[in-house]
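Input: a single structure, listed below in structure tokens.
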Amino acid sequence: VEYNAAASISSFGSCLNWLSIEECEDEHDMVTTMATIIEGCPLIQSLDLSHYNTVGDISIIMIAEAYPNLKSLDLSDPTLSRNRFRHFFRTDDDITEVGIIRLADGCPNLQSLNLMQCPNITNKSITRLSEQCPNLQSLNLCGCTKITNKSIIGLANRCPNLRILDISRGCKITDNS
């Protein structure tokens, strides 16, 4: 999504509740693009930013502050392009526990979150998700290599509606959880 496209989306976006801007390699600053979309699309409940190479904590914090009724967010990067080719893209940040904690605090109605291949996600952020987002139904942590039993136990104890949990590819989970 180029800045002009984001401006166009925001001009008719007052009715949008679902937006997918996956696989975009925005050459414009991601923070400015997100600000434009947020301003013009106040009712978003589902947002797909998968494969979006420049998304990071700053954008996630903006989303958390703008969309308290957000139900679904996809930040996955199955191609690993966010990490492997990071130096080719202007990024606002990596996706870390800082952004995910703010997301959990700002979006308590979150039901689905895809963090596939976001390797900087930690137990601290997943614990906060389990505390703040009890209606979570689907969580993809595939490739989140810093996740351990602690997070899984917290999810099991606090998220009774959780039906889909992907902890494949590197999560440090044992039979204890």
Side-chain angles (χ1 to χ4, degrees), residues 1-3 5-6 19-38 41 44 46-68 70-108 110-133 136 138-152 154-155 165-173:
V1 174
E2 293 179 8
Y3 178 73
L19 179 62
S20 175
I21 50 176
E22 65 176 292
E23 295 190 42
C24 291
E25 293 176 9
D26 186 3
E27 294 192 14
H28 196 75
D29 180 16
M30 178 63 178
V31 174
T32 303
T33 300
M34 281 310 307
T36 302
I37 290 171
I38 287 168
C41 306
I44 294 293
S46 182
L47 186 57
D48 184 348
L49 299 175
S50 60
H51 307 271
Y52 207 118
N53 297 307
T54 58
V55 71
D57 283 344
I58 295 169
S59 298
I60 294 169
I61 291 167
M62 292 171 68
I63 290 165
E65 291 174 353
Y67 299 124
L70 190 69
K71 292 183 179 164
S72 177
L73 180 60
D74 189 342
L75 299 169
S76 64
D77 189 11
T79 64
L80 287 175
S81 57
R82 178 180 295 121
N83 301 308
R84 187 182 314 149
F85 302 115
R86 184 162 186 237
H87 59 280
F88 291 120
F89 302 103
R90 276 184 284 181
T91 61
D92 65 35
D93 222 296
D94 254 347
I95 297 174
T96 70
E97 71 181 24
V98 172
I100 301 306
I101 287 171
R102 291 287 293 275
L103 181 70
D105 291 344
C107 302
L110 202 60
Q111 295 175 3
S112 177
L113 180 60
N114 190 341
L115 297 171
M116 180 181 187
Q117 300 295 1
C118 295
N120 296 316
I121 302 304
T122 63
N123 283 328
K124 184 176 179 181
S125 55
I126 301 306
T127 298
R128 184 67 67 89
L129 269 173
S130 70
E131 293 168 350
Q132 300 297 104
C133 304
L136 205 58
S138 175
L139 180 60
N140 187 337
L141 298 173
C142 174
C144 298
T145 56
K146 296 179 182 176
I147 301 304
T148 67
N149 290 345
K150 181 180 179 181
S151 292
I152 305 310
L155 289 165
L165 177 62
D166 187 342
I167 51 173
S168 60
R169 294 192 192 152
C171 291
K172 296 175 176 81
I173 308 302

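Numbering of residues begins at 1 and proceeds along the displayed sequence.
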Exercise. Is any side-chain heavy atom of I44 less than 4.5 Å from a side-chain heavy atom of I63?
Worked result: no
Exercise. Is there side-chain contact between V31 and M62, with heavy atoms separated by less than 4.5 Å?
Worked result: yes
Exercise. Between N140 and N114, is there a donor-acceptor pair closer than 3.5 Å when you use the side chain of the first and the backbone of the second?
Worked result: no
Minimum heavy-atom separation for [X] to [Y], with atom names?
X    : Y    : answer
C118 : I95  : SG-CD1, 4.0 Å
C133 : C107 : SG-O, 3.4 Å
S72  : L110 : N-CD1, 4.0 Å

Say you draw a straight line from [atom1] of [X] to [atom2] of [Y]; how long is it, rounded to the nearest 0.5 Å?
X    : Y    : atom1 : atom2 : value
L141 : S76  : CG    : OG    : 12.0 Å
I147 : I126 : CD1   : CD1   : 4.5 Å
L75  : L103 : CG    : CG    : 7.5 Å

Exercise. side-chain contact (heavy atoms from CB on, under 4.5 Å) with N120: which of L115, T145, D94, I100?
Worked result: D94
Partners of [X] by side-chain hydrogen bond (donor to acceptor under 3.5 Å, both in side chains), sequence neighbours excluded?
X    : result
S138 : none
S130 : R158
S46  : W18

Contacts of [X] that satisfy side-chain contact (heavy atoms from CB on, under 4.5 Å) - sequence neighbours left out:
X    : value
D105 : I101, R128, Q132
T122 : E97, K124, S125, K146
A66  : I38
I61  : E65, V98, R102

Problem set entry | Partner residues of D74 under the salt bridge (charged side-chain N to carboxylate O under 4.0 Å, His left out) criterion, sequence neighbours left out | none
